[in-house]
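Here is the structure we will look at, set down as structure tokens.
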Amino acid sequence: ITELRIVVNAPFWRATWFYSMLALAFAAFLYWIDRQRSARLENEARMRSAIAGNLHEEVNTTLQNINVLSEIAGMKADTDPEKSREFIYEIQKKSRNMVIAMNDVLWSIDPSNDSMPKTLERFNEVVEAMHNRHGAKVIISTDHSVNALQLSMKFRHEFIIIFKTAISCLVEILKGKEVKVELENYRGSLQLKIT
């Protein structure tokens, strides 16, 4: 009897070591995705903490100013009523600004506002308030690609502050009666033009 042994090795994609390498690569990929998610969550938590810290500092400073002004207004109420009224007006202005600032911060950290259409709604609220208070006509125009942009919470917060500051300067300080706001998506960058 002649015996011939023929051993045919399996292709590499059927080898045990190949399956082990695939499992290891898949585990590494899952680990990488988890690290990315954790880093994103940590970054977002840091941003929220920074915004909360800024809000705390702003609220604390404003409340101290209001406290001092109210004490001075109380002292001047009997001797100099006109000066007392000025201090009361300052208290009203500071408290109104603090409420607006708190509203902006709370709006910014709310996850339901993490889209560009919600940011544009916020812009329109600011515009409506300016129109009601000062009679200014503010026109906002956007191109359609702006709605697709994803903004981080910190960027949205800073963007709203820049927008409100610019509109306030033009309408309240410079007494502009017609303001045009253009938002464009230029090569992946959000551009804000105010004239």
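- In this structure, CZ on Phe87 lies 5.0 Å from CD1 on Ile72, to the nearest 0.5 angstrom.
- Checked by atom type and distance alone, the side chain of His131 pairs as donor or acceptor with a backbone atom of Ala136 at under 3.5 Å.
- Atoms NE2 and OG, on His134 and Ser168 in that order, are 7.0 Å from each other to the nearest 0.5 Å.
- Rounding to the nearest 0.5 Å gives a distance of 10.5 Å between OG1 of Thr142 and CG of Leu149.
- Scanning both residues, Thr165 and Ile161, for their nearest heavy atoms gives OG1-O, 2.7 Å.
- Heavy atoms from other residues, nucleotides or ligands lying under 6.0 Å from NZ of Lys93 number 12 at most.
- Within the 3.5 Å criterion, the main-chain N or O of Arg46 finds no donor-acceptor partner in the side chain of Asn43.
- Leu192 and Phe155 fall within the same hydrophobic cluster, where Ile, Leu, Val, Met, Phe, Trp and Tyr residues are linked whenever their side-chain heavy atoms come under 4.5 Å apart, directly or through other members.
- When all heavy atoms are compared, the tightest approach of Arg14 to Tyr19 is O-CE1, 3.7 Å.
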Task: Candidate pair Ile140 and Phe163, rule side-chain contact (heavy atoms from CB on, under 4.5 Å), full reasoning - done: CA-CA 11 Å; Ile140 298 178; Phe163 175 76; 4.2 Å; yes
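- Glu172 CD: more than 12 foreign heavy atoms inside a 6.0 Å radius.
- Below 30°, between 30° and 60°, or above 60°: for Phe123 and Phe159 the angle between ring planes is between 30° and 60°, a tilted geometry.
- Heavy atoms only, all atoms of each residue included: Ala73 and Ser84 are closest at O-OG, 3.0 Å.
- When the side chains of ILVMFWY residues are joined at heavy-atom separations under 4.5 Å, either directly or via intervening members, Ile173 and Ile162 end up in two distinct hydrophobic clusters.
- Ile88 and Ile66 end up in different hydrophobic clusters when Ile, Leu, Val, Met, Phe, Trp and Tyr side chains are linked at under 4.5 Å.
- Clustering ILVMFWY residues whenever any of their side-chain heavy atoms sit less than 4.5 angstrom apart, transitively, puts Trp13 in the very cluster that holds Trp17.
- By the 6.0 Å contact criterion, OH on Tyr89 is open, its count of non-hydrogen atoms from other residues, nucleotides or ligands being 12 or less.
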Task: Ile139/Val181 under side-chain contact (heavy atoms from CB on, under 4.5 Å): CA gap, chis, key distance, verdict - done: CA-CA 6 Å; Ile139 302 162; Val181 178; over 6 Å; no
Open item on the list: Would Glu184 and Ser145 count as a side-chain contact (heavy atoms from CB on, under 4.5 Å) here? Give the steps.
Closed with: CA-CA 8 Å; Glu184 295 176 353; Ser145 60; over 6 Å; no
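- Judged by distance alone, with hydrogens and angles left aside, the side-chain atoms of Ser20 form a donor-acceptor pair with the main-chain N or O of Thr16 at under 3.5 Å.
- Within the model, atoms CE of Met130 and CD of Glu128 stand 12.5 Å from one another, a figure rounded to the nearest 0.5 Å.
- Note: Ser38 OG to Ile33 CD1 = 12.0 Å, rounded to the nearest 0.5 Å.
- A single hydrophobic cluster is seen to contain both Val68 and Met75, as judged by linkage of ILVMFWY side chains at heavy-atom distances under 4.5 Å, directly or through other members.
- Of all heavy-atom pairs between Pro117 and Asn147, the closest is CD-O, 3.8 Å.
- Using a 4.0 Å cut-off between a side-chain N of Lys or Arg and a carboxylate O of Asp or Glu, Glu158 and Arg156 do not qualify as a salt bridge.
- In the displayed structure, Lys94 atom NZ is contacted under 6.0 Å by at most 12 heavy atoms of other residues, nucleotides or ligands.
- When atom types are taken as modelled, the side chain of Ser189 and the backbone of Asn185 share no donor-acceptor pair closer than 3.5 angstrom.
- For the pair Val146 and Met116, the tightest heavy-atom approach, listed with the atom from each and the gap, is O-CG, 3.1 Å.
- Centroid-to-centroid, the aromatic rings of Tyr31 and Phe26 stay 6.0 Å apart or farther.
- Nearest approach of Ile167 to Ile194, heavy atoms of both residues: CD1-CG2, 4.3 Å.
- One finds the CG atom of Asp34 at 8.5 Å from the CG atom of Leu30 (value rounded to the nearest 0.5 Å).
- Checked against Val179 for a side-chain contact (heavy atoms from CB on, under 4.5 Å), the options Thr195, Leu174, Val171 give a single hit: Val171.
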TODO: Check step by step if side-chain contact (heavy atoms from CB on, under 4.5 Å) holds for Glu125 and Arg122.
DONE: CA-CA 5 Å; Glu125 290 172 11; Arg122 187 68 173 174; 3.1 Å; yes
